[in-house]
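The structure under discussion appears below in the form of structure tokens.
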Amino acid sequence: MHKDIKKILVSEEQIIERCKELGKEIDKDYADEAPILVGLLKGSVPFMAQLMKNITIDIEIDFMDVSSYAGTETTGDVKIVKDLDRSIKEKRILIVEDIVDTGITVAAVKDLLFQKGAKEVKIVSLLNKPERREKAVEAEYVGFTVPNEFVVGYGLDFNQKYRNLPFVGVLKEEMYQ
Ligand code: IMP
Ligand code: MG
């Protein structure tokens, strides 16, 4: 346990086990045509690495980095900081995200990927925080549902820190003050 963490919500062992289950589901659901996994930087990195090892069909991977336009977050507009390397025309896409919170990010990315010609876009997210949802969007595959608390670790950050923690935990309140 890290000194700034109040409690662990999801352990490394739980994540490893859940990724095995998700990998099996994805193998089965995409048996006829494999998807391109599109990881959203930077939060999805540890989850994507763990998940993809448990997928046995011939997937490809790519990454995107998006950020909300300052001041207009509620419109759902996102700016592409790093775009995909290749065309996704007529491809099946599986977005890999760390957490679906308000849903603004994945809803906007989903629209973007359809604009780029994807024929199907689904979402796999390590965490789901349904209490905060503003956009009507749901991940088809969810690792764990978490309560309305600010969580860090396993890719998730607070001011760019704690992404390297091997578990998902709740930060101590004093770290915000
Ligand atoms: P959205 O609100 O669903 O658009 O979430 C956008 C992004 O906010 C996520 O991809 C995370 O990077 C970040 N985020 C949301 N909730 C948390 C949290 O509890 N801890 C750390 N980052 C979060
Ligand atoms: Mg993120």
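Residue indices begin at 1 and follow the sequence shown. The shown structure was predicted, so the numbers you read here are calculated from the model rather than taken from an experiment. Read the numbers this way: they start at 1 and go in the same order the structure lists the ligands and their atoms. Hydrogens, waters and symmetry mates are skipped; everything else that's a heavy atom, side chains included, is used.
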(message) Please list, in number order, the atoms of ligand 1 under 4.0 Å from a heavy atom of Lys129.
(response) 16 (N), 18 (C), 19 (O)
(message) With the threshold set at under 4.0 angstrom, would you say Val152 reaches ligand 1 through any of its heavy atoms?
(response) no
(request) Measure Asp157 to ligand 1 on non-hydrogen atoms and call it side chain, backbone, both or neither using the 4.0 Å cut-off. (result) backbone
(request) Among Lys129, Lys172, Lys7, find the one that has a salt bridge (charged side-chain N to carboxylate O under 4.0 Å, His left out) with Glu149. (result) Lys7
(request) Without swapping roles, check the side chain of Arg163 against the backbone of Pro46 for a donor-acceptor pair under 3.5 Å. (result) no
(message) Would the distance check show the side chain of Asp27 and the main-chain N or O of Thr56 forming a donor-acceptor pair, the cut-off being under 3.5 Å?
(response) yes
(request) Apply the salt bridge (charged side-chain N to carboxylate O under 4.0 Å, His left out) test between Glu120 and each candidate in Lys110, Arg92, Lys91; give the one that qualifies. (result) Arg92
(message) Show me which atoms of ligand 1 lie under 4.0 Å from any heavy atom of Glu149.
(response) 19 (O)
(message) I'd like to know if the side chain of Arg18 and the backbone of Gly143 have a donor-acceptor N/O pair within less than 3.5 Å.
(response) yes
(request) Evaluate the ring planes of His2 and Tyr162, with Trp represented by its six-membered ring, and classify them as parallel (under 30°), tilted (30 to 60°) or perpendicular (over 60°). (result) perpendicular
(request) Taking only heavy atoms of Thr102 into account, list the atoms of ligand 1 that are under 4.0 Å away from them. (result) 1 (P), 2 (O), 3 (O), 4 (O)
(message) Looking only at distances, can you tell me whether any N or O atom of Asp101, backbone or side chain, sits closer than 3.5 Å to an N or O atom of ligand 1?
(response) yes
(request) Mark the output for Gly103 as yes if a heavy-atom distance to ligand 1 is under 4.0 Å, and as no if none is. (result) yes
